[in-house]
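Numbers restart at 1 for each chain; the letters A, B, ... are given by sequence-line order, proteins then strands.
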There are 2 protein chains.
Amino acid sequence: MSTKRNDPAPAVPASGKLASISAVAQHAGVSIATVSRVLNGTKAVNDDTRARVEAAVAALGYRANALARSLMRGETRLLLVLVPDFANPYFAEIVKGVESVTRKNGYGLVVADASETLSRDSPSLDSLYNRLADGVISLARFADLKPLLMEIPDLPWVACSEFVEDGEIPNVSIDHRQAAIDAVQYLINRGHRRIALLTADEDYQWARQRREGYEFALRRANIPIDAQLVRIARGTDYVYGMEAAGTLLAMETAPTAVFAVSDTLAIGAIKAFRRVGRRVPEDIAVMGFDDIPVARVFEPALTTIAQPVRELGATAAELLLKRLAGGPAESCTLQHALIVRASA
Amino acid sequence: MSTKRNDPAPAVPASGKLASISAVAQHAGVSIATVSRVLNGTKAVNDDTRARVEAAVAALGYRANALARSLMRGETRLLLVLVPDFANPYFAEIVKGVESVTRKNGYGLVVADASETLSRDSPSLDSLYNRLADGVISLARFADLKPLLMEIPDLPWVACSEFVEDGEIPNVSIDHRQAAIDAVQYLINRGHRRIALLTADEDYQWARQRREGYEFALRRANIPIDAQLVRIARGTDYVYGMEAAGTLLAMETAPTAVFAVSDTLAIGAIKAFRRVGRRVPEDIAVMGFDDIPVARVFEPALTTIAQPVRELGATAAELLLKRLAGGPAESCTLQHALIVRASA
DNA sequence: TTGTAAGCGTTATCAT
DNA sequence: ATGATAACGCTTACAA
């Protein structure tokens with residue numbers, strides 16, 4: 001039972017307690033300062049003392065207490081990412097982008113749910129952002145975000161995907177308005193004139209900006225804007241897309257195309273249309289937004305706007321890291337792309 | 001510029017520095033001990049001293065430094081969730097379940113990516129699990145997880161979804177083997193005898209367990225197991241499903257049904273089949289697993305095994321919390337359900 | 001090269 | 001009821 005395998009070393013002693021730096025010092029017969037020095041490579045130490053310390057560290061399975069270390073150093077090397085919805089693959093992909101650059105720079109990532117309204121005393125966040133992270137990348141709705149910003153001074157923020165206009169905090173985003181213009185113009189070019197907008201709660205800046213783009217494109221083409229044609233879904237899940245699109249069919253002069261502000265909404269809409277026997281895109285064309293993974297595999301494959309999601313996250317991370325290093329941080333807008341597939 | 005609105009109070013002074021407890025004490029004319037007492041309600045304090053302290057707190061926009069507090073208390077009230085893949089809605093839903101119960105109990109959630117192999121010195125994790133969290137809920141592959149378990153003593157772990165057999169750590173999961181049996185038996189009941197298995201890397205315990213179920217169901221029905229019929233996808237993304245399923249069609253006696261160990265794989269397979277003109281389920285039936293949101297909206301809607309995802313997460317959280325409170329923690333397996341829709 | 005000691009911002013144990 | 005003061009586990013001058 002003792003040597004079931006030839007494991008390199010248990011690394012952890014039988015004791016239930018975690019070893020502290022003083023335990024290591026004692027074990028190695030040196031002072032805690034010396035231990036700290038070999039741990040951090042902060043100053044030259046004698047080769048054999050170093051060896052003794054390292055042996056002690058191994059023997060005790062010692063790991064520096066991150067809390068104490070951060071308290072001293074004044075930094076945690078942890079970044080907080082605020083995500084409005086874990087279930088949305090779009091956000092997931094951004095987080096991956098963030099991670100790819102933070103990892104390289106030795107920063108850890110803490111992802112927190114920002115789905116519900118964030119209040120100052122939100123217990124989960126309170127402990128998190130309060131000096132537990134060196135900076136924040138927020139994908140949250142700006143409306144939710146704003147109150148938080150005011151509370152915590154000295155905490156560098158970067159907004160990602162949400163385009164913030166008043167310039168209070170730097171952000172990385174595509175030009176949602178222009179992307180919407182491109183999408184609707186594409187529909188117009190294909191001969192559509194009755195184009196519905198399937199959108200979301202405008203607490204999201206991008207929802208507002210995409211609606212503006214939609215309206216602009218219509219106006220530019222001298223197509224009157226019909227308030228009947230814009231529907232606000234209760235959320236961005238598939239079901240809400242079905243729900244909101246369903247009512248579109250009931251109109252006396254139904255639209256020939258719909259621009260949905262997210263792929264999930266678009267897919268929900270298509271489902272609703274087909275349920276009542278409408279063909280997509282023959283009877284009604286549907287454009288999505290985001291180009292989530294399922295967009296290309298769904299049938300009909302979605303014509304949609306692709307965001308450079310990965311890059312969005314990576315750029316936001318770089319921005320934040322730059323700010324942390326004391327540099328200036330400038331907002332930056334990335335390029336979107338129109339992906340033509342089968343749904344419109 | 002001073003009073004643009006009637007805001008309750010800026011809460012944060014113009015200073016760039018965060019106020020510490022001693023600043024508050026000084027401002028209120030009391031000792032730091034007293035400040036701590038009113039903050040934590042830990043002992044009775046005079047009404048007017050309390051008022052003075054609270055005023056100082058408000059005036060300075062003071063918030064306790066979480067690092068220092070945790071260092072003293074010996075707990076962070078933060079739980080770590082290890083997620084193998086952010087982009088997988090299945091995991092996302094589990095996290096939501098976890099969150100629903102941790103929030104109630106005043107615990108915060110830290111979600112970390114465990115997609116790559118976790119090494120002891122994985123920088124992101126290192127700082128994270130090292131006393132920064134009071135406990136861990138892992139959705140990671142057991143193979144990745146195991147090395148970590150050994151390193152950190154005294155850190156309560158709970159595995160979720162991954163069914164761990166040797167009982168080292170408690171886990172919450174469905175019975176993957178039985179679920180697979182149910183799925184394959186359903187296919188058999190519908191008259192299929194050449195049933196392919198579309199599975200994933202067996203570093204995931206559930207992948208192995210589902211394959212075992214698949215084989216058991218076949219044997220039980222006296223159907224010989226054909227190694228040609230089991231395909232291991234390179235990942236669980238849609239594309240890998242397409243890729244792995246594509247080769248199935250090339251067989252001389254192609255299967256009449258396929259059991260995919262995830263909905264994403266199933267959808268990818270369906271896509272591949274239809275590309276070459278096969279109809280689902282008429283020509284070939286496809287069963288999924290997980291019942292992700294898109295499963296019901298995809299066409300054909302997926303026949304699949306539903307896991308009580310939300311509940312899985314919630315139960316795992318309850319288990320961990322119970323352990324943290326010093327109670328015993330027993331593994332527990334939840335019920336799955338066969339959802340019959342259109343794909344099989 | 002190494003050790004002593006002063007913090008970092010809290011909480012908790014004494015006294016008072 | 002309140003105030004010193006000793007931890008918590010670490011880093012970092014400053015001495016030796």
Side-chain angles (χ1 to χ4, degrees), chain A residues 15 17-54 56-57 60-78 126-127 129-132 134 152-154, chain B residues 15 17-54 56-57 60-78 126-127 129-132 134 152-154:
Chain A
S15 91
K17 263 294 187 204
L18 230 39
S20 76
I21 197 174
S22 59
V24 176
Q26 197 168 344
H27 189 104
V30 296
S31 76
I32 61 168
T34 301
V35 176
S36 174
R37 282 192 277 257
V38 347
L39 254 42
N40 300 298
T42 190
K43 243 180 182 178
V45 317
N46 237 350
D47 275 353
D48 71 307
T49 22
R50 143 167 295 112
R52 280 216 313 286
V53 170
E54 277 164 354
V57 166
L60 271 54
Y62 169 77
R63 338 197 74 216
N65 180 317
L67 254 26
R69 169 173 285 178
S70 297
L71 183 57
M72 259 310 294
R73 295 221 245 236
E75 63 163 21
T76 60
R77 300 223 133 225
L78 251 30
D126 178 85
S127 51
Y129 62 23
N130 187 196
R131 288 298 153 199
L132 240 165
D134 293 343
I152 319 299
D154 278 344
Chain B
S15 92
K17 265 290 184 206
L18 231 41
S20 77
I21 197 173
S22 59
V24 176
Q26 198 168 343
H27 190 105
V30 296
S31 75
I32 59 167
T34 302
V35 176
S36 175
R37 282 192 277 256
V38 348
L39 254 41
N40 301 297
T42 190
K43 242 180 180 175
V45 316
N46 238 350
D47 274 354
D48 69 308
T49 22
R50 143 167 296 112
R52 278 216 314 284
V53 170
E54 277 163 353
V57 166
L60 272 53
Y62 168 78
R63 339 197 73 215
N65 180 317
L67 255 26
R69 168 173 288 178
S70 297
L71 181 57
M72 258 312 293
R73 295 221 247 238
E75 64 164 20
T76 60
R77 300 224 132 225
L78 250 30
D126 178 85
S127 50
Y129 61 23
N130 188 199
R131 287 300 153 199
L132 240 166
D134 294 342
I152 320 298
D154 278 345

Taking OP1 and OP2 of D:dT11, is either one under 4.0 Å from a side-chain nitrogen or oxygen of A:Thr42? no

*asked:* C:dT2, OP1 or OP2 - any side-chain N/O from A:Ser31 closer than 4.0 Å?
replied: no

Margin query: Between B:Leu132 and A:Leu78, is there a side-chain heavy-atom distance shorter than 4.5 Å?
Written below: yes

By side chain to side chain contact (heavy atoms under 4.5 Å, CB included), A:Glu75 pairs with (sequence neighbours left out) A:Arg73, A:Arg77, A:Tyr107, A:Asp134

A:Asn46 meets the side chain to side chain contact (heavy atoms under 4.5 Å, CB included) criterion, sequence neighbours left out, with A:Asp48, A:Thr49

Residues A:His27 and A:Ala56: closest non-hydrogen pair is CD2-CB, 3.5 Å

For B:Ala51, the side chain to side chain contact (heavy atoms under 4.5 Å, CB included) test, sequence neighbours excluded, returns none

B:Leu67 atom CG is separated from C:dT11 atom P, nearest whole Å, by 13 Å

Minimal heavy-atom distance between B:Arg52 and B:Gly29, with the atoms involved, is NH2-O, 3.9 Å

Here the distance between atom P of C:dT13 and atom CZ of B:Arg73, to the nearest Å, is 13 Å

Rounded to whole Å, the CZ-P distance (A:Arg52 to C:dT1) equals 15 Å

Could you pull out the protein-nucleic contacts involving nucleotides 6-10 of chain C (nitrogen or oxygen on both sides, under 3.5 Å)?
from: C:dT10; atom 1: OP1; to: B:Tyr62; atom 2: OH; distance (Å): 2.9
from: C:dT10; atom 1: OP1; to: B:Asn65; atom 2: N; distance (Å): 3.0
from: C:dT10; atom 1: OP2; to: B:Ile21; atom 2: N; distance (Å): 2.6
from: C:dT10; atom 1: OP2; to: B:Tyr62; atom 2: OH; distance (Å): 3.4
from: C:dT10; atom 1: O5'; to: B:Tyr62; atom 2: OH; distance (Å): 3.1

Contacts of B:Ser31 meeting side chain to side chain donor-acceptor pair (under 3.5 Å) (sequence neighbours excluded), chain-then-number -> B:Thr34

When rounded to whole Å, the CD to P distance for the pair B:Gln26 and D:dA4 reads 12 Å

By salt bridge (charged side-chain N to carboxylate O under 4.0 Å, His left out), B:Arg50 pairs with (sequence neighbours left out) B:Glu54

Those residues at least two apart in sequence (or on a different chain) that pass side chain to side chain donor-acceptor pair (under 3.5 Å) with A:Ser70 are none

B:Ile32 meets the side chain to side chain contact (heavy atoms under 4.5 Å, CB included) criterion, sequence neighbours left out, with B:Ile21, B:Ser22, B:Ala25

Anything under 3.5 Å between a protein N or O and an N or O of nucleotides 13-16 of chain D, put it in a table, one pair a line.
none

For a quick check of understanding: with a heavy-atom distance under 4.0 Å over all strands, which category does B:Ser70 fall into, base, sugar-phosphate or nothing?
nothing

Of all heavy-atom pairs linking B:Val45 and B:Val38, the shortest is CG2-CG1, 4.3 Å

As a check of understanding: the bend across the helix from C:dT1-D:dA16 to C:dT16-D:dA1, end axes from five pairs, rounded to 10 degrees, works out to 50°

